[in-house]
Amino acid sequence: MADIRSVQDFKEFLKDNRELLHKKAVRIEDLPPDDDWILDDEWDEIYEQEVLKRGKV
């Protein structure tokens, strides 16, 4: 895989790997309620910062 150095590189990576990413993705509804990822509040903090900073996500 080539290095991703720009937004355009990242967009191309997503386009080229869309199917694989969909196969590897996990729906949050399918995770157990005590999963470490769900219990981690780091994403909540990031979301709140973005909402406060931009007013939307």
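- Hydrophobic clustering (side-chain heavy atoms under 4.5 Å, transitive across Ile, Leu, Val, Met, Phe, Trp, Tyr) keeps W37 apart from L39.
- Side chains of Q8 and E12 form a contact here, defined as non-hydrogen atoms less than 4.5 Å apart.
- Here the CG-CG distance, from D40 to D44, works out to 8.5 Å after rounding to the nearest 0.5 Å.
- In plain terms, the two heavy atoms of L21 and F13 that are nearest each other are CD1-CE2, 4.5 Å.
- Nearest heavy-atom pair, D3 versus D9, reported as atom, atom and distance to 0.1 Å: O-OD2, 3.9 Å.
- The NE2 atom of H22 sits 11.0 Å away from atom CG of N17, with the distance rounded to the nearest 0.5 Å.
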